Amino acid sequence: MPRSLPRFLYRCLLRLHPPSFQRQFAQQMLCIFDEAAAREGVVRLFADGLASLARQWLVRWALQKFLLGEIALARSPGLIPGLFAWEHIAVPETPLPASRIMQGSLISLLFLAAVSVAASHAGNTTPLRRFSVATGNSAHSQAFAGSRSQGFASDLGVRAGENLGASGATDNGGEEQINGQSGLAAQPQIPDTPPARQFSAWLDAFNSGDRASLLRFLEKNYPSRAANIDQELNFREMTGGFELRKPEESSSTRFTGIVQERDSDQFARFVIEVEPDELHRITRLDLQLIARPPDFPMPRMNEGAALAALRAELEKRVAADRFAGAVLVAKKDKPLFSGAYGLADREKKIPNKLTTRFRIGSMNKMFTAVAVLQLAQAGKIKLTDPIGKYLTDYPNKDLASKVTIHHLLTHTGGTGDFFGPEFDAHRLELRTLQDYVKLYGKRGLAFEPGSRWEYSNYGFLLLGVVIEGVTGKNYYEYVQDYVYKPAGMTSTGSLSEDEVVPERSIGYTKFGGGKTWRPNTDTLPYRGTSAGGGYSTVEDLLRFANALENHTLLDAHYSKLLTSGKVDTPNGAKYAYGFMDRNVHGVRSFGHGGGAPGMNGDLEIYPESGYVIAVLANMDPPAAQRIADFIANRLPEK
């Protein structure tokens with residue numbers, strides 16, 4: 001059965017095009033139909049399809065000039081192509097034979113008549129579904145500190161993110177891949193076991209978005225979660241809910257499988273465990289964000305179509321108040337797409353601009369890692385040395401003697417985090433890096449250094465202290481002189497929150513409860529640190545990426561050492577030195593994200609294709625990560 005009559009007719013329209021056109025463009029146009037129908041309207045989409053049909057069968061250079069005119073058929077040179085495929089298609093200049101013109105005229109007129117008849121019935125058809133995109137998650141400030149790999153975790157148990165994919169539908173009852181969006185018509189069969197039944201019931205309650213239904217389910221089946229109902233609902237709003245894509249292990253007390261966010265490209269692996277008694281209450285329900293599984297491929301778009309889809313996605317999210325920030329996509333140092341959306345200050349109605357400075361969370365770790373590698377390149381430190389060699393007065397001597405610079409750079413030192421009750425109690429008193437050492441320096445190791453990977457903000461703060469000890473410079477002065485200035489980053493820094501910073505946006509959050517956006521002022525530290533909390537612009541992030549690729553900041557050897565993965569992380573990526581190193585279906589990228597209440601950002605650098613994606617948002621995660629993943633999943637591999 002077709003999913004909707006308009007979509008079925010549009011597909012038929014595409015099949016009336018010449019075979020060469022169908023092979024090259026039909027799949028792309030059908031994908032764009034799914035993504036743009038609700039925004040553009042069906043009439044506009046059919047007009048596009050008919051224009052394409054007429055152009056392919058009828059119009060050649062001379063007739064085009066006479067009948068339609070170039071302005072009506074194509075965008076001006078230099079502009080990004082529009083949403084619709086016919087705007088990208090060149091018209092051969094050789095004249096058409098009369099028989100071809102008559103054939104094309106008849107096909108076009110017959111189809112136009114069929115569409116007119118169908119339009120009278122359109123009001124009774126199933127509405128077109130819309131598809132969108134997303135990324136990782138988190139709910140407490142200590143979880144935000146990470147990159148896309150660290151993600152943004154809700155109390156439901158979501159941890160660590162990677163890029164993902166949205167779902168589509170079929171026209172004929174079979175499961176068909178349309179731009180990687182596989183149909184949801186054929187739902188996987190859920191096993192008839194206690195944990196599988198509980199998962200199905202939870203999924204129904206969660207996806208409903210109804211507070212009373214979800215609370216009733218939690219109180220009966222997962223009482224320990226009931227007190228966190230507001231966080232659960234925030235997580236539901238963030239993800240749009242989930243669709244079960246693939247059951248995996250199943251037993252009498254445990255069920256695992258793969259789900260996909262309804263409102264994103266994001267996939268996750270879930271684990272649910274229940275008590276063995278007859279009530280089968282839930283004892284564990286975790287979702288671990290994962291890379292897009294090979295079972296659900298997403299074919300790439302050409303560059304123009306990908307950027308057009310990005311524009312449509314941004315407009316949709318901005319209209320729904322789900323994105324405010326700035327976006328920049330470049331290739332080989334040159335911007336291809338840039339835009340700013342939403343408000344930097346909602347009270348004063350100040351719009352975001354490309355020059356707006358957004359708080360960047362843990363993205364500062366990239367700058368800190370570059371600074372450390374510069375010192376290693378200069379022979380001033382050794383990465384294998386224990387930090388006690390450079391911090392001779394560090395309070396905990398055991399930690400100082402065991403943890404190396406390499407451990408800190410890779411989050412394998414067991415140094416823990418600094419977010420939590422102590423941080424909240426002293427948030428505005430922590431004004432220098434040494435203030436953090438005074439508060440946390442006597443704390444012992446969480447695990448034996450090198451034995452495992454565990455994200456550590458405190459570890460990167462200690463790297464800042466090492467930089468100060470080795471150079472005799474204030475950390476902020478060092479990165480300003482040796483990272484920002486050489487890279488041309490004129491709008492990046494970490495000035496304190498009580499200083500006036502031109503064009504610094506206000507962050508807005510819904511974390512902690514509430515349905516309206518409010519300033520994140522009462523969550524901010526006094527000042528950003530070597531672990532994160534500074535500010536930047538998308539243009540400065542592109543300058544930083546260019547400086548890395550051009551070896552302005554480090555030579556070729558140390559640049560490779562900086563960005564090459566060294567330690568496995570839970571989401572399948574590898575952590576390098578202050579960078580995540582990813583390889584998703586053969587496409588490598590490196591970068592880092594950041595997030596906290598009212599801020600989110602992501603920088604991804606693709607060394608083989610030359611693409612750079614920089615997205616910053618002044619709202620809760622994963623607002624920026626969703627956009628970064630959306631375009632990353634659609635751009636060409638080369």
Side-chain angles (χ1 to χ4, degrees), residues 134-165 235 238-239 242 245-246 248-249 254-261 264-273 284-294 296 361-362 365 407-417 419 446-460 531-532 564-585 588-595 602 604 621-622 625 628-629 632:
T135 347
N137 315 320
S138 170
H140 191 283
S141 55
Q142 66 185 26
F144 304 138
S147 67
R148 185 170 15 174
S149 70
Q150 176 68 2
F152 170 68
S154 87
D155 282 342
L156 193 62
V158 172
R159 300 181 292 271
E162 202 23 269
N163 37 330
L164 332 142
F235 185 49
M238 179 196 314
T239 61
F242 292 98
R245 303 307 301 274
K246 183 180 179 180
E248 292 182 325
E249 302 175 22
R254 178 183 168 93
F255 177 45
T256 69
I258 294 173
V259 293
Q260 181 182 356
E261 289 185 11
S264 89
D265 284 351
Q266 184 71 58
F267 280 78
R269 176 166 282 108
F270 68 85
V271 177
I272 184 171
E273 296 177 352
R284 177 189 178 192
L285 177 54
D286 289 342
L287 288 96
Q288 173 78 47
L289 304 186
I290 59 173
R292 188 181 191 92
F296 306 98
S362 279
K365 288 182 173 67
H407 289 144
L408 296 184
L409 284 168
T410 56
H411 300 289
T412 58
T415 47
D417 214 326
F419 290 116
F447 53 84
E448 190 66 22
S451 63
R452 70 173 191 259
W453 184 87
E454 185 177 280
Y455 199 83
S456 174
N457 284 302
Y458 185 61
F460 263 78
S564 297
K566 296 162 180 64
V567 184
D568 291 332
T569 65
N571 60 71
K574 289 181 176 291
Y575 204 88
Y577 286 157
F579 285 77
M580 290 297 302
D581 184 1
R582 303 180 182 85
N583 193 311
V584 180
H585 304 313
R588 179 177 178 251
S589 68
F590 57 85
H592 210 287
D602 200 12
E604 287 298 315
Q625 292 171 341
D629 282 342

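The first residue of the sequence shown is numbered 1, and numbering continues consecutively from there. Since the structure is predicted, the reported quantities are computational estimates derived from the model, not experimental observations.
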Partners meeting salt bridge (charged side-chain N to carboxylate O under 4.0 Å, His left out) with K246 (sequence neighbours left out):
D295
Please report the shortest heavy-atom distance between A531 and K365, naming the atom on each side.
O-NZ, 2.6 Å
Can you name the closest pair of heavy atoms from K574 and G565 and give their distance?
CB-CA, 3.6 Å
Identify, with sequence neighbours excluded, every residue that meets side-chain contact (heavy atoms from CB on, under 4.5 Å) alongside V271.
R254, T256, E273, R284
What's the spacing between N571 CG and M580 CE if we round to 0.5 Å?
5.0 Å
Could you please spell out the steps behind the side-chain contact (heavy atoms from CB on, under 4.5 Å) verdict for F590 and R582?
CA-CA 6 Å; F590 57 85; R582 303 180 182 85; over 6 Å; no
To the nearest 0.5 angstrom, please state how far the CZ atom of R588 sits from the CD atom of E604.
11.0 Å
Would you say H585's side chain and R292's backbone share a donor-acceptor pair under 3.5 angstrom?
yes
How long is the gap from OH on Y575 to CG on L409, to the nearest 0.5 Å?
8.5 Å
Donor-acceptor pair, distance only, cut-off 3.5 Å: does the side chain of H411 make one with the backbone of S456?
yes
Out of curiosity, D581 CG to S589 OG, how far, rounded to the nearest 0.5 Å?
7.5 Å
Tell me the closest heavy-atom pair linking F270 and V259, and the distance in Å.
CD2-CG1, 3.6 Å
Which heavy atom of I290 sits nearest a heavy atom of P293, and at what distance?
CD1-CG, 4.2 Å
Could you tell me which residues satisfy ring-ring contact (aromatic ring centres under 6.0 Å, His included) with Y458, sequence neighbours excluded, listed by chain and number?
Y440
Shortest non-hydrogen contact from T569 to W453?
CG2-CE2, 3.6 Å
Aromatic ring pairing H592/Y455, orientation class (parallel under 30°, perpendicular over 60°, tilted between)
tilted
Run the numbers on D417 and N457 for side-chain contact (heavy atoms from CB on, under 4.5 Å), then give the verdict.
CA-CA 5 Å; D417 214 326; N457 284 302; 3.0 Å; yes
Taking atom CD1 of I258 and atom CZ of F267, what is their separation to the nearest 0.5 Å?
7.5 Å
Any chance you could lay out the side-chain contact (heavy atoms from CB on, under 4.5 Å) test for Q266 and T239, step after step, and finish with the verdict?
CA-CA 9 Å; Q266 184 71 58; T239 61; over 6 Å; no
Would you check, one step at a time, whether the test side chain to side chain donor-acceptor pair (under 3.5 Å) holds for E261 with S264?
CA-CA 5 Å; E261 289 185 11; S264 89; 2.8 Å; yes
Go through the steps to decide whether Y577 and T410 satisfy the test side-chain contact (heavy atoms from CB on, under 4.5 Å), and finish with yes or no.
CA-CA 6 Å; Y577 286 157; T410 56; 3.5 Å; yes
Here the pair of heavy atoms bringing P621 nearest to G595 is CG-CA, 3.8 Å
